[in-house]
Protein chains: 2
Amino acid sequence: MKDGKSLAEKVADDILAMITIDKKFLPGDKLPNENELSGELRISRTTLREAVRILVTHNVLEIRRGKGTYVKENRELTEDFGLKNLTDMKPDIKDLFEMRLIFEPQLAYYAAKRATDKELERILHYGKQEEALILKGEDRTEVEQAFHKSIAKATHNEFMNRLMPIIYQAIDKGVLLSEQNDEILQDTLHDHRMIMEFLLKRDAQGAETAMKLHIIHAMRGFGFFEE
Amino acid sequence: MKDGKSLAEKVADDILAMITIDKKFLPGDKLPNENELSGELRISRTTLREAVRILVTHNVLEIRRGKGTYVKENRELTEDFGLKNLTDMKPDIKDLFEMRLIFEPQLAYYAAKRATDKELERILHYGKQEEALILKGEDRTEVEQAFHKSIAKATHNEFMNRLMPIIYQAIDKGVLLSEQNDEILQDTLHDHRMIMEFLLKRDAQGAETAMKLHIIHAMRGFGFFEE
């Protein structure tokens with residue numbers, strides 16, 4: 001969801017929440033008529049019509065000729081709304097980096113506490129391999145992902161371990177590492193070294209903070225700042 | 001993943017990582033023979049055999065009679081390992097709460113900053129409704145989820161918004177709110193009030209901290225402490 005939405009988009013959003021969160025309208029339900037619903041939402045009928053059109057396009061509502069507007073019988077909409085789509089969706093790249101910012105420092109924290117020697121070895125292996133690729137100016141997409149996945153694995157939290165590839169898959173590979181100038185590369189080298197050092201020392205807070213810095217560097221590289 | 005694993009389970013884990021992270025063995029690949037692989041992993045052949053058996057059970061490896069041990073041709077294993085399974089998996093309840101501990105305070109943080117008035121209204125609506133149910137001693141599972149989902153929606157981060165129901169779905173409803181004594185209920189009432197107050201004041205750090213306390217209270221209620 002972005003800001004700068006039109007009023008109709010906001011209303012569409014609101015109706016969607018009435019279905020998915022409030023369960024006010026269930027799949028198969030008929031929506032109240034235009035007068036009633038636009039009155040309830042305190043919007044014009046034109047805006048309501050536009051919002052309905054948006055939701056029809058998104059397969060949430062359907063208009064049955066001469067009958068009215070219905071919530072589609074679409075299981076995904078209700079209980080598992082979004083479940084199946086998490087991997088298919090093309091989310092905003094900023095949303096994903098925000099997710100990484102929340103998520104990955106904590107992975108580093110738990111990895112520092114829980115990694116077995118073997119897992120630590122694997123993390124360092126990829127960290128060093130990535131360092132070598134950066135210095136040679138070669139593509140490091142695969143190794144970068146292996147580095148972060150090894151950290152996720154070392155948290156010993158199965159849910160985090162499985163969520164990680166989803167986030168990475170959603171970030172388009174091309175986007176992940178493109179647009180990198182020398183400064184960004186230097187930051188990456190430095191950040192990775194710090195992460196590895198803290199992990200080796202089993203310093204959970206250090207590893208967490210170094211990882212946070214690493215993600216912030218990446219976000220700033222894209223021009224993303226906190227709103 | 002749990003601690004207290006047998007050696008064979010750890011080795012199975014390690015071989016799985018060689019497939020999913022290291023891509024050392026790809027789907028369809030034949031594993032090195034027992035002598036070679038057990039030597040490389042510095043384990044006995046008996047342990048290796050046990051680890052292979054575990055991975056066969058989990059559909060990762062297959063033994064072809066008279067030919068050797070192969071990595072199964074299973075797309076889920078490689079690129080999107082775990083993707084499809086995130087919703088089906090029955091993860092450790094502690095893993096899930098750890099995930100909530102990472103995730104939900106940040107949701108509250110962003111919601112305090114970004115919620116529209118309407119979204120804030122929805123959050124407060126469910127918060128108050130839940131309060132009433134707690135005081136009446138009635139079931140509040142649905143309303144509890146709606147409360148937390150409304151907060152996720154107000155982050156305006158589509159990825160978080162979609163991840164939220166996955167986490168909640170994985171937490172068995174019965175488990176989520178069972179075993180609650182008076183003390184826990186009092187904590188919940190108090191925590192929810194704080195969360196709502198901070199959100200209303202648009203105090204992001206306050207909302208984050210109150211939510212963190214709320215999840216910690218829930219974890220302690222289950223007897224989960226940091227390792």
Side-chain angles (χ1 to χ4, degrees), chain A residues 1-3 10 13-14 16-18 20-23 79-87 89 91-92 94-96 98-99 101-103 105-107 109-110 113-114 116 118-119 122 125-126 142 145-146 149-150 152-153 155-167 169-170 226-227, chain B residues 1-3 10 13-14 16-18 20-23 79-87 89 91-92 94-96 98-99 101-103 105-107 109-110 113-114 116 118-119 122 125-126 142 145-146 149-150 152-153 155-167 169-170 226-227:
Chain A
M1 202 166 24
K2 295 270 204 20
D3 293 310
K10 282 180 192 160
D13 234 45
D14 203 39
L16 184 61
M18 290 165 100
T20 57
I21 301 183
D22 302 339
K23 322 268 187 209
E79 277 193 38
D80 51 5
F81 170 62
L83 284 189
K84 305 286 178 334
N85 308 344
L86 196 55
T87 49
M89 68 185 282
D92 198 78
K94 188 174 182 229
D95 286 358
L96 280 165
E98 226 169 67
M99 190 65 210
L101 186 64
I102 292 174
F103 191 58
Q106 294 298 317
L107 295 185
Y109 176 91
Y110 287 112
K113 289 195 158 205
R114 297 176 184 167
T116 64
K118 199 149 217 162
E119 286 164 345
R122 174 172 279 114
H125 166 75
Y126 285 116
E142 291 281 321
Q145 300 212 3
K149 280 181 195 169
S150 315
K153 177 170 160 37
T155 63
H156 296 198
N157 182 315
E158 195 54 29
F159 199 91
M160 296 185 203
N161 190 22
R162 297 211 188 189
L163 181 61
M164 193 67 201
I166 297 186
I167 298 179
Q169 204 192 352
E226 174 101 3
E227 277 161 23
Chain B
M1 202 167 21
K2 296 272 204 18
D3 294 310
K10 283 180 193 161
D13 235 44
D14 203 40
L16 183 61
M18 290 165 100
T20 57
I21 302 182
D22 302 338
K23 322 267 186 208
E79 278 193 39
D80 52 4
F81 170 61
L83 284 190
K84 305 286 179 332
N85 308 344
L86 195 55
T87 50
M89 69 185 282
D92 198 77
K94 189 175 181 225
D95 286 358
L96 280 164
E98 226 170 66
M99 191 66 210
L101 187 64
I102 292 175
F103 193 57
Q106 294 298 317
L107 294 186
Y109 177 91
Y110 287 113
K113 290 194 158 205
R114 297 176 185 167
T116 64
K118 201 150 214 162
E119 286 164 345
R122 174 172 279 115
H125 166 75
Y126 285 116
E142 291 282 320
Q145 300 212 2
K149 280 181 196 169
S150 315
K153 178 170 159 37
T155 62
H156 297 197
N157 181 315
E158 194 55 28
F159 199 90
M160 296 185 203
N161 191 21
R162 297 210 189 190
L163 181 61
M164 193 68 202
I166 297 186
I167 297 179
Q169 204 192 351
E226 175 100 1
E227 276 160 25

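On a predicted model such as this, the values are computed, not experimentally measured, just so you know.
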Peer 1: Hey, what do you get for CD1 (A:Ile102) to CG (B:Leu163), rounding to the nearest 0.5 Å?
Peer 2: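 A:Ile102 CD1 to B:Leu163 CG: 9.5 Å, rounded to 0.5 Å.
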
Peer 1: Using the rule side chain to side chain donor-acceptor pair (under 3.5 Å), only one of B:His156, B:Lys153, B:Lys118 pairs with A:Asp13; which is it?
Peer 2: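 Testing A:Asp13 for a side chain to side chain donor-acceptor pair (under 3.5 Å) against B:His156, B:Lys153, B:Lys118 leaves exactly one candidate, B:Lys153.
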
Peer 1: Measure the CZ-CE distance between B:Phe103 and A:Met160 for me, rounded to the nearest 0.5 Å.
Peer 2: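 Atom-to-atom, B:Phe103:CZ and A:Met160:CE are 11.5 Å apart.
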
Peer 1: Indicate yes or no: does A:Arg114 engage B:Glu98 in a salt bridge with an N to O separation below 4.0 Å.
Peer 2: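 Yes, charged N to carboxylate O under 4.0 Å.
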
Peer 1: Say whether, by atom type as modelled, one donor and one acceptor occur between the side chain of A:Asp95 and the main chain of B:Glu158 under 3.5 angstrom.
Peer 2: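 Side chain of A:Asp95 to backbone of B:Glu158: a pair is present.
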
Peer 1: Assess the residue pair B:Asp22 and A:Arg122 against the criterion (side-chain contact (heavy atoms from CB on, under 4.5 Å)); give the C-alpha distance rounded to whole Å, side-chain angles, the decisive distance to 0.1 Å, and a yes or no.
Peer 2: CA-CA 9 Å; B:Asp22 302 338; A:Arg122 174 172 279 114; 3.0 Å; yes

